[in-house]
Amino acid sequence: MSNYYFNEIEAKWQKFWAENQTFKAENQSDKPKYYVLDMFPYPSGAGLHVGHPLGYIASDIYARYKRHQGFNVLHPQGYDSFGLPAEQYAIQTGQHPAKTTKENILRYREQLDKIGFSFDWSREVQTSDPTYYRWTQWIFIQLFESWYCKQKEQAFPISHLIDIFEKEGNIGLDAKCDPNQSNFTAEIWNNFSEEKKQKVLLNYRLTYLAETEVNWCPKLGTVLANDEIIGGVSERGGFPVLKKKMTQWSMRISVYGERLLQGLDTLDWSESLKETQRNWIGKSVGAAVEFKMVDDKDEVKELTIKTFTTRPDTIFGVTFLTLAPEHELVDKITTSEQRIEVEKYITTTAKKSERERMADVKNITGVFTGAYAKHPLTKELIPIWIGDYVLVGYGTGAVMAVPCGDQRDWDFAKHFDIPIKNIFKNVDISEQAHTSKEDIVITNSDFVNGCSYLDATNKVIQELEKRYCGTKEINYRLRDAVFSRQRYWGEPFPIYYKDGLPQIIDEKFLPIRLPEIEKYLPTESGEPPLGRASIWAWDASENKIVSNDLIDHLKVFPLELNTMPGWAGSSWYMFRYMDALNKAEFSSKEAMDYWENVDLYIGGSEHATGHLLYSRFWVKFLKDRGFLNVDEPFKKLINQGMILGESAFVHRVEAENKLVSIGQIGNLKTQPIHADVSFVNASNELDMVAFKNWRPDFKDAEFITEEDGSFKVSREVEKMSKSKYNVVNPDDICEQYGADTLRMYEMFLGPLEQAKPWSTAGITGVYSFLKKTWRLFHSGLEDSFFVSDQAASKDSLKILHKTIKKVIEDIENFSFNTSVSTFMIAVNELGTQKCNSKEVLAPLLILLSPYAPHISEELWSKLGNKESISTAPFPKFEEKYLIEDVKKYPISFNGKMRFTLELPIDMSKDEIEAVVMSHEKTIHYLEGRTPKKVIVVPGKIVNIVG
RNA sequence: GCUGAAGUGGUGGAAUUGGUAGACACGCUGGACUUAAAAUCCAGUGGACAGUAAUGUCCGUACGGGUUCAAGUCCCGUCUUCAGUACCA
C-alpha cells in the first residue's frame, strides 16, 4: 500500500484497539492516575452531528497524551439515557422508550467508534439501566436518611437526630430544616405519636416532601426546576410555565449554599462559569429587621413584620414597608377600609403569569393596607403597602423601603406620593435614588450621622441586636431543588406510602424497576403515568416479583408515582465509571480511593447551573456521610464552544413559484427558504436537480440563475439542527476524508472554548497535510515505504524539537488549534529537506498520534513496532537542538529595528558589551537584565533584543 | 441594569515576560500538468505611495487619550458584539 487509504487504515486500527482492549484502564497501577471525562451524551434520535464530537476529540487528545506521558488514564464514556424526548416519542408512537433509547445508543456507538476515540468501553454506564439506577435510588435513600447539622456544617444520619430529640428536643439545635418547624422539648418529642414524629423528621431530611409552589408546564405535563426554565418558558420545547402548588419531593440543596460557594475557589474552572454559579447561589449579606405592628392606640401587637435588607445603614431613611401580595400577614393586617381594594389587587396580580409579571416591570402597581408598623429605632409610624415588585420567594417577602437609596423604592414612592427622606449628605435625590454605597456620608440618622456605609451598617446591626429587633443575616438566592417529575421515563422512587407518609422501600428490594404501562400519559384522574401500572416491582430478568409487600400498589401500599428528574442519574455517574460493574456498592472504596475525582472534565457551558451544581451538591453530601473521599467531583473543567451550522437559503419571489439566485434578486421581494446544505457546494452554488427532487413542491418552479447558469444561495450561521437542514454528519466526513482529518480539522477550526461555524470548505488543508505526512515516509521514485536508519541532519532535529516544545505547550494549554499549524509547518519543512530519518520521523509520529491516531498507528507499525503507538513514551524536548552557534541580536533605535548583530551563543555579558561598544555607541547595562537583553544609552536608548 | 468574555486582512485565526503584526489554513489571482474538468504541484496575496525592477517610504490590531526607546499586548476613557442573569431588597 503506497497511497494514503485512510478508510482501510482506520477500520484496521479501530478493530485492533477493540480486540486488544488497548485503552482499558486498570484500577491498580504503579503509574500515576489521570481521569479524563466527557459530559456523557443524551442519545437523541437525530444522531451525532459534527458539533457533538468536538469536546470528545479534545478530551481524547488529552487522554492519549497523558498515556504517552506514563499515566494510568481513565477515559470512559456512557449515556444519560433517561429523558423527555424518548418519552415524547413514546407518547406519539406507543413505542417503549427503552426500545428507542437502545436503538439510539447503538447508533451513537457506531458513530463514536468511527472517530477512533480511546474510550474504555468496558466501563460504559447507562442511567436508564436498572443496574445503574438501582444506585441512584440508593443515594436517594441516603439523602432521605440524613439531616444537616449547621454547627458542624455536615450531614449526619437521621438516627443521630432522633437520639438528640429523645434526649434534648430540638431547642438550641442548629440544624437546617423547614423554617416553620416549631420548637419542642425531649419530653414533648417522646410523647409525639409515631405519625407526628415522622412529620417532624420530614422537616429535617435532606430530601423531603413538601407542598411547594412549583413551575408547572402544562404542555409537558410536568414540573420543572428553576434551571430548566429559560426566560419564562421551558428549556425543552419552549412551552409556557405556570406557578402551581403541588406536593413534591425536594432536595435541600440550599443548606449546602455556603459550601458550594466556598468550594468554587478551589476549582480550576473558567472565571465566567464560577461567576455564573456564584450568581445562581446569590449570597447577599445584610440584616433581618423586625417592624412591630401597631393599632390605632399605638400599642404594639404581637404581629411582627420581618424584612431583609442589604443596606442596614439606610434604616433611618425608611418611609414605608412593602409586602409581597402573597405575604401571609397581608390578610391579618389589612384594615377594613382598605380590604376591598387590597383583595382586588391580590386577585389581579395572582392572575398574571410569571412572564407577564416580568414583562410588566416598568408598570408600578401596589396598594396601601391601611396598617402601620413601628420603626424599631425611631419609633415612627411607618405605613405598610403591598406591591408586586416584592417577591414572596426571596428573603422574607417583605422589604423596608428606603426610597432615597433604592431605585424601585424611589419609583414606588414617587408613584404613590409617599414621602422620600434624604439621609445622604450633599446628594441630590430629586431625580433618582442614590444607590451607590461608595463615598457616602450618612446624615439625618441619629447615632450614625457622619458615618460611612460600613460604619453605619455595623453600628445599626449592633443597635438592632441590642434591642432584639434585628440581626445580621445572610440570604441565598439558591432554592431547594424540586425532585419530582410527573413522567414515565425516569428513575422510580424507592418510596411507598403508609398513612399518607412516605416510607423507604428496603435496600434489599432495589432496584425498583419501571413498571410496564400501556400509554405513556397521565391517568384519567390526573396521576402521573406510573399510576397506570397496577403490578410493580416486577423483576423481568428473573421473572418474579421482588417483594410480596409491593405487588399491587393500590391495594397493599400505594407507591410513589412520580419519577426522578434528568439530573438524578448524571449527578454521580463519574464515580460509577471507576467501578462500573460493582453489584454490591455504587463504587468500591478501593476504586474511589485510587481514582479520587475527575482531573479533567470537558463539556458544554449550558450545564453551569444544573448538572454542575447538583453533582457538586451530591458529592459534598456523599462525602459528609463517608461514602466518598473527595469534596469536589471535577477539578478542572473546560467548556467547549458550540460548532454552528452554515444554513443555506434559496430565495423565492413572493407569491410566485419562482426561485431567484442571489445575484439576480435586485429589487424583487423574496422570502428565504432553508435548503439542505448538502446540495450546496463551497462556492454557494445550488444543485438544482437535487433540490427539486428533495422538495417536490418546487418541481415546477422557475429558476432564475446567474448569467453563467449557476444558482447561488445565501448563507447564514445558525445553531446546527435538523429543522434548519444545516446538519453536517461526522460519518460523511469520515467517509470522504477520514477520521484523522475530521479530528484535526475540528481542532483546527479555532480555540476549543469558542463558538465557531462549521465550514467543510477548509477541510482540504488538513487533509492534504495528512497526505503529505504519509508521503514523508515514502520514497519519491517508487513510491514505496522508505525510512532511513541514518542519523538525522541537524536541521531536521531542530524542526523536531521545535515541534515537541510547541506541541507539549499547546496540549497543556488546550490550544489544540495551534498545534495543528505546528505539525503542518514541521511536515512541510521536513519535506523540503527530504528528511527520511527514523530518528526524526518516529518521534514525530508519537507527537501526532493523540491528534491523528490511525495514521500514526499505521506508520508506526510499518516502522517495525509490534506494540500500539499509544504506549510509546512521549518524546522529550531538548533545548540543545535549538541552540545555534550564532545568535541574532536585533538592535533597535527609537523603537525601530535597525540592524542585527550576530554573536556567538556562548558570549559573556562583558564580551557582548564590548562588541556593542565597538559599534560606536555609549553603552550602559541595566542591572538585573540577562546578557541577551542589553539596554544601551548613547544619549538615546538602544535595546538589543535576543 | 449587573456579571463575565471578546473586538487583529476577504474568512477561521497566530503572535513567550511589551521587541520586525498578520504564523498556519481557507478563499482569491496567476502558472504547471490535462482535450477538458477534478485532483495535485508551484508562485503571489493587509492598505497607500514611489520605482522598469530589485526595493523603498508611510499608514495599519474597534475608537480616543496616556506610559515607554518600543504597545495587538500595560494604564484611563468610549463604543460594539456575544454569553449568563435579573423587580434579589
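Chain letters run A, B, ... following the sequence lines, proteins first and then strands; every chain starts at 1.
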Determine the interatomic distance between C1' on B/rG64 and the same-named atom on B/rG9; round to the nearest Å. 24 Å
Check the angle between the aromatic planes of A/F416 and A/F412 and answer parallel, tilted or perpendicular using the 30° and 60° thresholds. tilted
Point to revise | Rounded C1' spacing from B/rG84 to B/rU29 in Å | key: 45 Å
- prompt: Which value, in whole Å, describes the distance between the C1' atoms of nucleotides B/rU81 and B/rU8?
  reply: 15 Å
Re B/rG56: Watson-Crick or G-U wobble partner, both distances kept under 3.5 Å, found to be B/rC49
Roughly how far apart, to the nearest Å, are B/rA38 and B/rC49 at atom P? 34 Å
Rounded distance in Å between the P positions of B/rU57 and B/rA21
13 Å
Write down the distance separating the P atoms in B/rA83 and B/rU45, rounded off to the nearest Å.
38 Å
*Check against salt bridge (Lys or Arg N to Asp or Glu O under 4.0 Å), A/K798 and A/E829*: CA-CA 11 Å; A/K798 189 174 148 193; A/E829 287 184 4; over 6 Å; no
| request: Assign A/N828 to base, sugar-phosphate, or nothing according to its heavy-atom contacts below 4.0 angstrom with the strands shown. | output: sugar-phosphate
Of the candidates B/rC24, B/rA89, B/rU3, the side chain of A/E275 sits closest to B/rU3
Paired to B/rU85 by Watson-Crick or G-U wobble criteria (both distances under 3.5 Å) is B/rG1
When the C1' atoms of B/rA15 and B/rG22 are compared, how many Å lie between them, rounded to an integer?
9 Å
note: A/E829, atom CD; B/rC24, atom C1'; distance rounded to Å ~ 12 Å
Any strand, both distances under 3.5 Å, Watson-Crick or G-U wobble: B/rA43 pairs with B/rU29
Partner of A/Y745 under ring pair (Phe, Tyr, Trp, His ring centres under 6.0 Å), picked from A/F769, A/W758, A/Y737, A/F816, is A/W758
Heavy-atom nearest nucleotide on RNA chain B taken for A/I825 and for A/P751; more 5' hit belongs to A/P751
From NZ of A/K756 across to P of B/rA25 the rounded distance in Å is 20 Å
Side-chain contact check for A/V399: nearest option of B/rU85, B/rA89, B/rC41 is B/rA89
Are side-chain heavy atoms of A/K636 and A/F814 found at a separation under 4.5 Å? yes
Checking B/rA86, B/rA89, B/rC26 against the side chain of A/T764 (C-beta onward), the nearest is B/rC26
Base orientation of B/rG10, chi within 90° of 0 counted as syn, else anti, reads anti
In whole angstroms, the gap separating P of B/rU16 from CD of A/E809 amounts to 10 Å
Measure the acute angle between the ring planes of A/H801 and A/F877, then classify it against the limits of 30° and 60° as parallel, tilted or perpendicular. tilted
Whole-Å distance, A/L391 CG to B/rA86 C1', equals 10 Å
Pick base, sugar-phosphate or nothing for A/S272, based on heavy-atom distances below 4.0 Å to the nucleic acid. sugar-phosphate
Taken to the nearest whole Å, CD/A/Q754 to P/B/rG7 is 8 Å
Across every strand shown, the nucleotide meeting Watson-Crick or G-U wobble geometry with B/rU16 (both distances under 3.5 Å) is none
Assess whether one donor atom and one acceptor atom, taken from the side chain of A/N817 and the base of B/rC24, lie less than 3.5 Å apart.
no
Rounded to whole Å, the OH-C1' distance (A/Y737 to B/rA39) equals 11 Å
Whole-Å distance, A/N279 CG to B/rG84 C1', equals 8 Å
Value for NZ (A/K472) from CG (A/L464), rounded to nearest 0.5 Å, stands at 13.5 Å
Under a 3.5 Å limit on both distances, the Watson-Crick or wobble mate of B/rA21 is none
Write down the distance separating the P atoms in B/rU68 and B/rC58, rounded off to the nearest Å.
23 Å
The Watson-Crick or G-U wobble partner of B/rU80, with both key distances under 3.5 Å, is B/rA6
| request: For A/K771, report the nucleic acid contact type (base, sugar-phosphate, nothing); a contact means any heavy atom under 4.0 Å. | output: sugar-phosphate
Going through the checks in order, is the salt bridge (Lys or Arg N to Asp or Glu O under 4.0 Å) test met by A/D265 and A/R278? CA-CA 11 Å; A/D265 295 337; A/R278 284 191 197 109; 3.5 Å; yes
Quick note, A/R775 side chain, CB onward, closest among B/rA89, B/rC41, B/rA25 is B/rC41
Exercise. Can you find a side-chain donor-acceptor pair between A/N828 and A/K772 that sits under 3.5 Å?
Worked result: yes
When A/G397 and A/S605 are each assigned the nearest nucleotide of RNA chain B, the 5'-most assignment goes to A/S605
Does a nitrogen or oxygen in the side chain of A/R278 sit under 4.0 Å from OP1 or OP2 of B/rG4? no
When rounded to whole Å, the NZ to C1' distance for the pair A/K806 and B/rA23 reads 9 Å
Using Watson-Crick geometry (N1-N3 plus N6-O4 or O6-N4) or G-U wobble (N1-O2, O6-N3), each under 3.5 Å, B/rC74 is paired with B/rG66
